[in-house]
There are 2 protein chains.
Amino acid sequence: MGEAAKRRHGDAAEKLPAEGTQARRFGKTRSAQSTALLEDYVELIADLLMSSGEARPTDIARRLGVSHATAVKTISRLKRAGLATARPYRGAFLTEKGRALADRVRVRHRLVVDLLRALGVPTEAAEADAEGIEHHVSETTLKAFAQYLKSLG
Amino acid sequence: MGEAAKRRHGDAAEKLPAEGTQARRFGKTRSAQSTALLEDYVELIADLLMSSGEARPTDIARRLGVSHATAVKTISRLKRAGLATARPYRGAFLTEKGRALADRVRVRHRLVVDLLRALGVPTEAAEADAEGIEHHVSETTLKAFAQYLKSLG
DNA sequence: TACAACATGTAGCCTTGGCTAAACTTTGAC
DNA sequence: GTCAAAGTTTAGCCAAGGCTACATGTTGTA
């Protein structure tokens with residue numbers, strides 16, 4: 001938000017596109033936050049299914065550092081969002097849509113981590129920060145990251 | 001988000017090192033999200049005070065794209081957090097702590113935007129993405145960014 | 001001065017994303 | 001085959017961060 005706020009709001013101020021643009025930006029940031037958790041869950045479920053064949057609420061909870069009840073609740077949100085399915089006492093599974101999202105998320109995560117490391121960020125910090133950053137990186141920015149990494153050879 | 005309540009369930013993170021690490025990471029990401037909004041408010045209030053001498057709920061609301069009621073409610077959270085003060089019908093002001101935070105946030109924002117632009121991200125996208133990214137950039141990563149930008153001259 | 005327009009504040013409702021507690025299934029060791 | 005341990009689900013609570021609707025203050029202008 002570094003841009004200095006121009007005028008005080010008034011007759012002229014309402015016409016400035018700056019406010020609308022900024023508001024849109026913030027709104028986008030906020031809605032990104034609401035999808036970030038679902039992205040994390042989807043990626044983790046894909047991970048667990050791949051490595052152990054099942055994705056149980058308890059394992060998910062332990063990996064994310066939340067209670068198992070929270071994991072269960074979020075899984076049902078995943079179902080509502082059409083990203084996952086779950087049979088009682090049989091864990092979670094991804095829908096086609098969920099798998100597609102998981103793939104996108106994984107690729108994006110890798111790219112962000114690689115970029116941070118390329119800029120000299122230590123691996124540990126890169127992994128940790130990427131966890132938060134990745135949900136806010138647009139397609140445009142992602143392309144620029146890829147481009148930059150390619151230019152490094 | 002009740003830091004105290006959240007961490008009361010501390011046993012989850014004490015198990016395996018690998019899982020603990022990941023859990024800590026996610027936990028950090030989540031708590032970063034809860035402070036992100038306050039950071040945005042503080043920076044915007046500093047901005048408005050600078051440019052117009054006052055920070056009214058309505059202006060804040062318009063800039064952030066939320067209702068004035070939401071702005072008012074958040075301002076009282078700011079007060080509770082010791083970041084701002086407010087006199088009825090006279091808008092918001094920052095405490096010493098709030099001003100310090102605003103400064104840090106502004107510097108960080110500039111750095112993130114500059115870095116993105118240096119990597120070839122178009123200005124518009126850089127500004128927009130930075131809004132979301134900046135709240136998740138650690139000190140370590142921030143230093144790496146600064147270092148990289150300096151290396152470009 | 002008075003009043004309309006606008007800003008502010010309050011109340012009540014919603015969803016998300018946490019938690020604990022308690023009831024219910026599954027499962028593995030006798 | 002039983003039964004306790006472990007995992008799962010449900011229910012109910014809380015705070016954050018949105019919203020609308022309504023009541024109350026403030027102010028510019030006629």
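In what follows, every chain begins at residue 1, and chains take the letters A, B, ... in the order their sequences are listed.
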Practice prompt. Give B:Ser67 one of three labels, base, sugar-phosphate or nothing, depending on what nucleic acid heavy atoms sit under 4.0 Å from its own.
Written response: base
D:dA16 phosphate, OP1 or OP2, under 4.0 Å from B:Thr74 side-chain N/O:
no
Polar atoms only, N or O, under 3.5 Å: list the protein pairs with nucleotides 24-29 of chain C and their distances.
| unit_1 | atom_1 | unit_2 | atom_2 | d |
| --- | --- | --- | --- | --- |
| C:dT25 | O4' | A:Tyr89 | OH | 3.0 |

Closest heavy-atom pair, A:Ile60 versus A:Ala55, reported as atoms and distance to 0.1 Å, is CD1-O, 4.2 Å
Close N/O contacts between protein and nucleotides 1-3 of chain D (under 3.5 Å):
none

Does a nitrogen or oxygen in the side chain of A:Thr58 sit under 4.0 Å from OP1 or OP2 of D:dA6? no
Looking only at C:dA7, D:dG18, C:dT20, the nucleotide nearest the B:Arg56 side chain is C:dA7
Result for side chain to side chain donor-acceptor pair (under 3.5 Å) between A:Glu134 and one of A:Arg110, A:Arg106, A:His109 points to A:His109
note: B:Asp59, atom CG; C:dC6, atom C1'; distance rounded to Å ~ 12 Å
Residue pair B:His135 / B:Glu39, side-chain donor-acceptor N/O under 3.5 Å
yes
Ranking B:Gly65 and A:Lys73 by the position along DNA chain D of their nearest nucleotide, the one closer to 5' is A:Lys73
Rounded to whole Å, the NE2-C1' distance (A:His135 to C:dT16) equals 16 Å
Ranking B:Val72 and A:Arg80 by the position along DNA chain C of their nearest nucleotide, the one closer to 5' is B:Val72
Checklist entry - Can A:Leu49 be reached from A:Val105 by stepping across I, L, V, M, F, W or Y side chains whose heavy atoms are under 4.5 Å apart? => result yes
Rounded to whole Å, the CZ-P distance (B:Arg87 to C:dA7) equals 19 Å
Subject >> Hydrophobic cluster identity match, A:Leu38 and B:Phe26, side-chain contacts under 4.5 Å >> reply: yes
By nearest-nucleotide position on DNA chain C, the 5'-leaning member of A:Gln33 and A:Ala69 is A:Gln33
Atom CG of A:Leu64 and atom P of C:dC19 are separated, to the nearest Å, by 10 Å
For this session: Look at A:Asp114 together with A:Arg117 and state whether they make a salt bridge at an N to O cut-off of under 4.0 Å.
Result: no
query = Are B:Leu149 and A:Phe145 linked, directly or through other ILVMFWY residues, by side chains that come within less than 4.5 angstrom of each other?
reply = yes
Practice prompt. Indicate, yes or no, whether a donor-acceptor pair under 3.5 Å links the base of C:dG9 to the side chain of B:His68.
Written response: yes
In whole angstroms, the gap separating P of C:dT16 from CG of B:Leu37 amounts to 17 Å
When every non-hydrogen atom of B:Ala126 is compared with those of B:Val121, the smallest separation belongs to N-CG1, 3.6 Å
Contacts of A:His136 meeting ring pair (Phe, Tyr, Trp, His ring centres under 6.0 Å) (sequence neighbours excluded), chain-then-number -> B:His136
- Message: Taking 4.0 Å as the cut-off, does a side-chain nitrogen or oxygen of A:Ser34 come that near to OP1 or OP2 on C:dT16?
- Response: no
Checklist entry - When you look at CZ of A:Arg99, are more than 12 heavy atoms from neighbouring residues, nucleotides or ligands closer to it than 6.0 Å? => result yes
Taken to the nearest whole Å, CD1/B:Ile75 to P/D:dG18 is 13 Å
